[in-house]
Amino acid sequence: MDWKTIAAARINAGKDAAVRIDLAAGKVDYDATRIKMHREVREITGDEEIARAFLIHRLVEELGYKADLIEVERPYEAGRPKIIVPRIDTILKDASGAAFFFIEIKAPDKFESDKAYIDGQLFKLSGLHEAETGKDIRYLVYYTVEERGGEIFDKAIVIDRHKYRTFQEWLDAGEPPAGNCLTPKYNKPKKETLVKKGKRDLAQTFTIDEIRALAANLHDVLWGGGSTGDTEVFSALVNIILAKIQDEYDTRDGQEYGFQVIQHGDDLERPDELFARINVLYRRALSQQLNKRGDLSDQWVVNKEKFPLPKVVYTVGQIEKYSFVDGKNSLNGKDILGDFFEQIQREGFKQTKGQFFTPITVTRFMLYAMELDSLAVRLLNEELRLPYLIDPSCGSATFLIEAMKVITDAVKRRRRAELHTNRSVADRFDELLMPDHREHKWAREYLYGIEHNFDLATASKVNMILHGDGSSNIFQKDGLKPFRFYDKPSGPNILNIAHPKPEYADKEANEQFDAIATNPPFSVSLDDETKRFLEGEFLFGRKKNSENLFVERWWQLLKAGGRLAAVLPESIFDTTENKYIRLFLFRFFKVVAVVSLPQVAFEPYTQTKTSLLFARKKSAAELAQWDRRWKELSKEWSALSTRIENYRKVFVDGAAQSRYPSIKADTEDDARANLARFLQAKLTPEEAALPIKELLESKAALIDEALLVDTDTGDVFGRVNVSWVFSRVATELDHRIFIAEARQVGYKRTKRGERPQPNDLFDLEVAPEKIEVAEVKQAYEDEADRLDKDTVSLAAKAKALEGREKELGKTAERERLEARAEAAKEQAAEVRAEFTRVLEQIERCYDAKGALLKALRPRDDADLLAAFNLPRMARWRSEAILVREERHRTILDFMRKEKLWD
């Protein structure tokens, strides 16, 4: 039963009959013999009218106020010449005739988004009322209703008009409410205390629109004025949210929540009292949520100089009622609280050099290109588990969040039919992914992140929790530390496992993870503590190049066969100074794909040209095979280089051949053959016919180049010419590498915003795999019916003005009403015509059960896509990445076609 039905039943059960309501007929009847109606109200023109009917019923029937002290739709005049200005929805007066409650009413789904109008609709209008009546208003009330557990309650912001004469005064104080519900007998409003499992508990069900409006309000207030940097405000808000999350973990049944603005007697607590309590929660969260150690007494939830206490009061007051841990967070696959965090992060965190987020388009492509969805299905079927995935430089957890979504969506929805039907798989599925509103809880065991920046690490933790993972493994440390440093107070932890690897110079590796998706920091300075351990932990630790050290760290983390997807600067793939890390990659990994991104991919935050690397960690046998051939070919190079040098001494410089045992028995033909092998190039007939001296002299530059020893890689790859040895090893152990260049990636970003662009990486489904035709039909019918009612209502109002042409302005008003009625009629016809076209496409492309026909799964039918791109079809439009099995078009299509990870 929805809130409107519950409210109507309660209204109509009242004995006083100050108001009656008929939802089916769309009618409301106020007792105009007692209630002062400043204009006739008989029709339910929107949810706001139902909320008002409930309010008046509650005032009269439940709180004991007299109906004849209530006014509805009172207008005010101001200006020269006088004009009608907006009306106040409802007034409750006291015996003296002064307004006790001056009330602006909102529909429940507009309560958050319309808070911006509190100034004009309450504060400014109250000034007009007081000037007109000569009497002060006691309380301003911003009101709606909310349903909790099948009952309807007040949802209000009550403002003390005596204390706050202007909106700015109230705003500067942190928007403190005098109460959040209405009280009987003209008593001072009260703020109901939030109690776990009590009468007023945290809200666990809320709409996406409500949460988006909350994020917008927080942004407007907290980021308004510009006195504090955007990122500082973002970090303060994240810290406050972390404290709230900790409070939800700590609070026992029947206990008051600590994260709320508390009322003592008739007064709210002082801001410094609230600040002290939130600080206690925050420090506990640092220990329990971020695995911080040591004395935390100098840690503060916010810097009071940059984030003043009134803003703390405001922020707590805005978010205190919502459950950020147990909220129904994944309704129909939509992460409501996750979207909330992404919205405030997108609008509040200013990205800088070395501290910017991987665009979602690139992130999602990488995860699907590494076939994380397929890996998850296979592991659940074969090993009754999901992939262990880590990002050792996780930023604000973008890769972890998107990996969470990809795995849950694949296993629970899109590829569920591929799961085995035996009991063990079914039971494990339930353990990991049920119930629905906690479908991401598996992530607490399988997803790990490391982030050195404190603010981003905190944001990562909050981000993961708000996306519904419960408690993730986020470590606020440098991602290059020895594994023993990654400890936490409780719970399983596979990150601090390590063992020496003989093939890795007996340095330690972790080897616990199935997959890594990451974007390492490019060319950033490492802290002194991390530098102390580098040479003992990494083969190339002395080089101290951040992104290259992370390449080694990835190998250390992955299991044999583990999958890697990483953003890297293109300099790694082609510059001489990065030759050593390319050798490391080819020795320890099987590179399966490289996708070059356009310059715009990370603009305007960096101009660095990047590519995406996809690789699989070699098995012990594959690595041994590589090492064996490297050793053999290194010996061959050494032997040949000695011979070639000796040939030059003998045939060019004139030394006696007998002095050099390695070539003592060689003929000139032997010398030609060995030279060709050394230069790895077949001699042309003309070159083969040259005297050996001339041949050696003509090839002098090439010989000198092949004789060069790479000294900076000698400790790892031997004192050889690594290019020579590598070219031979790579030729013999050759495999295909998928290479592609993306010229467009779906967006172009500037500091002013983001513009959509074509996308070479992947397509979106747009048309969903399944559709509920009845839902679509009902939505269109509801909109058309509403427009029909508007047409009738507007036409009736216009007709009521007939014969009043002599009254000032009535002719113009009637014409406006008639025009609006005609427009509503035309729009209703347009809605019905559009539905006819949409239904035609659905019936053509979907079967009787609402499943998309197989022939249309590549989503290349223009008429089908056009139907789902209509604004009214946004609710059903699929934003999922399209994985084509045929008629391949995008880079992702062709990568998955190649079965690169098999």
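When reading the values below, keep in mind they use all heavy atoms of this one structure, side chains included, and skip hydrogens, waters and symmetry mates. Computed from a predicted model, the values in this text were never measured in an experiment.
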Run the side chain to side chain donor-acceptor pair (under 3.5 Å) test against Glu511 and tell me which residues pass, sequence neighbours left out.
His499, Lys501, Lys617

Of all residues at least two apart in sequence or in a different chain, which pass the side chain to side chain contact (heavy atoms under 4.5 Å, CB included) check with Ser619?
Ala621, Glu622

For Ala767, all residues meeting side chain to side chain contact (heavy atoms under 4.5 Å, CB included), sequence neighbours excluded
Tyr846, Arg859, Leu864, Phe868

Checking Phe513 now: which residues fulfil ring pair (Phe, Tyr, Trp, His ring centres under 6.0 Å) with it, not counting sequence neighbours?
Tyr448

Exercise: do Tyr322 and Glu210 side chains pair donor with acceptor under 3.5 Å:
yes

State the NZ-CG distance between Lys477 and Leu480, to the nearest 0.5 angstrom.
13.5 Å

Check salt bridge (Lys or Arg N to Asp or Glu O under 4.0 Å) between Glu431 and all other residues, then give those that pass, not counting sequence neighbours.
Arg428

Residue pairs, two or more places apart or on separate chains, that pass salt bridge (charged side-chain N to carboxylate O under 4.0 Å, His left out) and touch residues 550-565
Asp514-Lys559

Contacts of type side chain to side chain donor-acceptor pair (under 3.5 Å), residue Glu451, not counting sequence neighbours
none

Contacts of Phe894 that satisfy ring pair (Phe, Tyr, Trp, His ring centres under 6.0 Å) - sequence neighbours left out:
His888

Partner residues of Phe324 under the ring pair (Phe, Tyr, Trp, His ring centres under 6.0 Å) criterion, sequence neighbours left out
Phe340

Residues which pass ring pair (Phe, Tyr, Trp, His ring centres under 6.0 Å) with Phe485, listed by chain and number, not counting sequence neighbours:
Phe533

Got a sec, which residues hit side chain to side chain contact (heavy atoms under 4.5 Å, CB included) with Glu898, two or more places apart in sequence or on another chain?
Arg736, Phe738, Leu900

Under the side chain to side chain contact (heavy atoms under 4.5 Å, CB included) rule, collect the residues that match up with Thr363, sequence neighbours excluded.
Thr358, Leu367, Thr398, Phe399, Glu402

